[in-house]
2 protein chains.
Amino acid sequence: MTAPKNDKNTRTTGRPTLNEVARLAGVSPITASRALRGVSTVAAELVEKVRQAAVELNYVVNPAARALASAQSHSVVVLVPSLSNLLFIDTLEAIHRVLRPKGFEVVIGNYHYSRDEEEDLLRNYMAYQPRGLLLTGFDRTESARRMIEASNIPCVYMMELDPGAGLNCVGFSQLKAGETAAEHLISKGRKRLAYIGAQLDQRTLLRGEGFRRALQNAGLYDPDLEVLTPRPSSVGLGGELFLQLLDSHPDVDAIFFGNDDLAHGALFEALRCGIKIPEQVSVLGFNDLPASAHMVPRLSSISTPREAIGRRAAEQMLTLMAGNRIAQPVVDLGFELKVREST
Amino acid sequence: MTAPKNDKNTRTTGRPTLNEVARLAGVSPITASRALRGVSTVAAELVEKVRQAAVELNYVVNPAARALASAQSHSVVVLVPSLSNLLFIDTLEAIHRVLRPKGFEVVIGNYHYSRDEEEDLLRNYMAYQPRGLLLTGFDRTESARRMIEASNIPCVYMMELDPGAGLNCVGFSQLKAGETAAEHLISKGRKRLAYIGAQLDQRTLLRGEGFRRALQNAGLYDPDLEVLTPRPSSVGLGGELFLQLLDSHPDVDAIFFGNDDLAHGALFEALRCGIKIPEQVSVLGFNDLPASAHMVPRLSSISTPREAIGRRAAEQMLTLMAGNRIAQPVVDLGFELKVREST
DNA sequence: CTGTTAGCGCCTTCAA
DNA sequence: TTGAAGGCGCTAACAG
């Protein structure tokens, strides 16, 4: 009669369950469930009782049971191409700050700039029935695209802007950023302008394209001055490519680097070789990493709103998950040219 | 009679279930379950059938259902104090490489060097009944400690070595690293040696202590030359503290920085102010970040085995999760002094 | 506003 | 080696 549970044979976790909370509060389990979830249809008095019971027992929901029963998790999956780049860390942190207080768990997937790995992660994480998907850019496999669409899970795309304007996205125009870089360098009277990009993800390519277009418009484009490599971006690589380029094209007088770390490497080698920056060569970076402002000379760079992108994307996600539509699906957060000593 | 499911009223996900796989394979659900999990007691022939059925239906287990039924997840929680430091990224990547192929999901928690936040994360993640815990260092709240112990979940501690030798840990002696730094600088004939540390986590403090001890032994210790700040480590901060120290103590002839980024900032300011490195001041960093080898002058640093720590810790975890004991619970992976141009 | 009933999809226990 | 029965902890439906 008393408490015909845990006789033996039980596989229980040992942790308190909603049933026990309900019993202690003197209500039915479902009422306890509703009270704890903040569902409106519970008397304030009961809510209080249940809350207290939960605290007393040190109750924590079992997410597995919840997910199973509701066919919905509380997790939001974020897929980024890299964690070694501070860029995405800043974005992730911002996402956390928005989503965690609302009770969502942020699940991070790193696909190492590999489309196949992204598809793989997506397939895996789909099993968790995430409430939302926060993805980076638009460049992915066809089956990944299909999975996303078929899943019907709310999705926000970060970093780039959808040219079709059909998808929810938060970012800035990578193309314009490249153009701005070129215009800045041209405004300094430079004639032999180069672009050095590594990693060659979609965004690096778009920036390169913007740069190229602006040069073409100005009649200054020379395909020989475009250095692209799929190798991962790094300080060492930047120095290497810089020296190679100056060796083969000594007349280069300005370089736009697709990422700050490449530019850092260039500044180091310039210092080592006595190449005057910006007198002989202007150097412009991208992303404005924290170290850039302290370089010798201080690196001019295009500062990107990575923290704001994470925040806004997460906020959009909140809207979508609440079942609302987003009035303005394309959010352009722009970028800022920081002119320092290197240009 | 036909298929009395999905009549209406169903709350199903729409995704194929183990039941459907079993039906297609012509076996009972439990056999299908066993086959898919690789439990030995299933005939090879049946396993093959089930596998094919699963592929055909594009079946993916429902982790929530699995976790609920087995009272066990397949996730391993990793808690790190920061993601902005490449150090932990390298470790995390290594952990992923070991654990993911074995079917474990790695859940990352960042506690921003806050003991309270770590405790919070721990409490939250415990609800997921993780199979394992990979934690950073030994400095945590008493209740966090109790939760870990009470949970009975296998745990491996990374980065430091347990002086008590009672816990499973993979790392190196932070104390010895500090001593080594001092000895190196002393061997270069330096007499006025300083330590600059930021963030002041346990490991930074331990390195400082090792450094101090070595100086004391050599009769060279001066407490005025110990600069400690709780501010987060950064390039900018390093430059700032460097200039301040040289301003107040112009006779300093060697500085050990608790983190490479601080040292980077110092090198930049030295360059800007015409302070000769290493002639006037030797500069030694810690962690050997990728950029360090490219600095001007190239930064001497103590290289830490962060990738190996992640790998070994994950391997230990695999052993523990398999129910085995670890013969040697304390794994000292050491560190390496990289002597370059700055010392 | 509250409770009853009935599963979510899988795995454990036990028996064959 | 395989299967039947039952339940993990929670929540959706519907009724009161």
Side-chain angles (χ1 to χ4, degrees), chain A residues 4-23 25-50 54 57 59-74 103 126-129 131, chain B residues 4-23 25-50 54 57 59-74 103 126-129 131:
Chain A
K5 63 183 303 276
N6 260 0
D7 303 22
K8 43 164 61 174
N9 241 351
T10 13
R11 288 187 272 148
T12 57
T13 335
R15 291 187 356 218
T17 71
L18 192 57
N19 267 293
E20 304 174 35
V21 174
R23 210 179 310 154
V27 299
S28 76
I30 184 65
T31 300
S33 168
R34 291 199 265 245
L36 259 16
R37 274 180 298 153
V39 174
S40 51
T41 67
V42 179
E45 186 194 2
L46 288 188
V47 171
E48 196 38 45
K49 261 196 197 165
V50 173
L57 295 177
Y59 170 78
V60 187
V61 278
N62 180 328
R66 166 174 283 186
L68 182 58
S70 65
Q72 241 186 56
S73 72
H74 274 210
M126 284 300 188
Y128 288 88
Q129 301 175 152
R131 286 291 303 279
Chain B
K5 62 184 302 277
N6 260 359
D7 303 21
K8 43 165 60 174
N9 242 350
T10 13
R11 290 188 267 148
T12 57
T13 335
R15 291 193 350 223
T17 73
L18 194 55
N19 267 292
E20 304 175 36
V21 174
R23 210 178 311 154
V27 298
S28 76
I30 184 60
T31 300
S33 168
R34 290 200 266 246
L36 259 17
R37 274 180 298 154
V39 173
S40 51
T41 68
V42 179
E45 185 194 3
L46 287 189
V47 172
E48 195 38 44
K49 262 195 196 166
V50 173
L57 294 178
Y59 170 78
V60 187
V61 277
N62 181 329
R66 167 174 283 185
L68 182 58
S70 65
Q72 240 186 65
S73 72
H74 273 210
M126 284 299 189
Y128 288 88
Q129 302 175 152
R131 286 289 305 278

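For C:dG9, the base has no donor-acceptor partner in the side chain of B:Arg15 [N/O atoms by modelled type, under 3.5 angstrom].
Per the geometry, CZ belonging to A:Arg34 stands 11 Å off C1' belonging to C:dT4, to the nearest Å. Distance, B:Arg23 CZ to C:dC10 P: 12 Å, rounded to whole Å. Remark: C1' of D:dT2 and CZ of B:Arg37 are 14 Å apart, rounded to the nearest angstrom. For the pair B:Asn19 CG and C:dC11 P, the interatomic distance rounds to 11 Å; values are reported in whole Å. Residue B:Lys49 contributes atom NZ, which lies 10 Å from atom P of D:dT2 at whole-angstrom precision. Rounding to whole angstrom units, CD of residue B:Gln129 and P of D:dC8 are separated by 13 Å. Rounded to whole Å, atom P of C:dC10 lies 13 Å from atom NE2 of B:His74. Taking atom CG of B:Leu68 as the reference point, atom P of D:dC10 lies 9 Å away to the nearest angstrom.
Here A:Thr31 contributes atom OG1 and A:Arg34 contributes atom CZ; the two are 5.5 Å apart, rounded to the nearest 0.5 Å. The distance from atom CZ of A:Arg23 to atom OG1 of A:Thr17, rounded to the nearest 0.5 Å, is 7.0 Å. Taking CG from A:Asn19 and OG from A:Ser28, the interatomic distance works out to 9.5 Å, rounded to the nearest 0.5 Å. B:Met126 contributes atom CE, which lies 10.0 Å from atom CZ of A:Arg15 (distance to the nearest 0.5 angstrom).
Comparing B:Ser28 and B:Ala65 by the nucleotide of DNA chain D that holds the closest heavy atom to each, the one mapping nearer the 5' end is B:Ser28.
The side chain of B:Thr17 lies closest to C:dG9, out of C:dT2, D:dG9, C:dG9. Among the nucleotides D:dA12, C:dG9, D:dG9, the one closest to any side-chain atom of A:Ser70 is D:dA12. Set against D:dT11, C:dC8, D:dG3, the side chain of B:Val27 has D:dG3 as its closest nucleotide.
In terms of phosphate contacts, B:Ser33 brings a side-chain nitrogen or oxygen within less than 4.0 Å of OP1 or OP2 of C:dC11. Regarding contacts with the backbone of D:dG9, every side-chain N or O of B:Tyr128 stays at 4.0 angstrom or more from both OP1 and OP2. Residue B:Arg66 places none of its side-chain N or O atoms closer than 4.0 Å to OP1 or OP2 of C:dT12.
Here B:Ile30 lies in heavy-atom contact (under 4.0 Å) with a base.
For A:Leu57 against A:Pro16, the heavy-atom pair with the smallest separation is O-CG, 3.3 Å.
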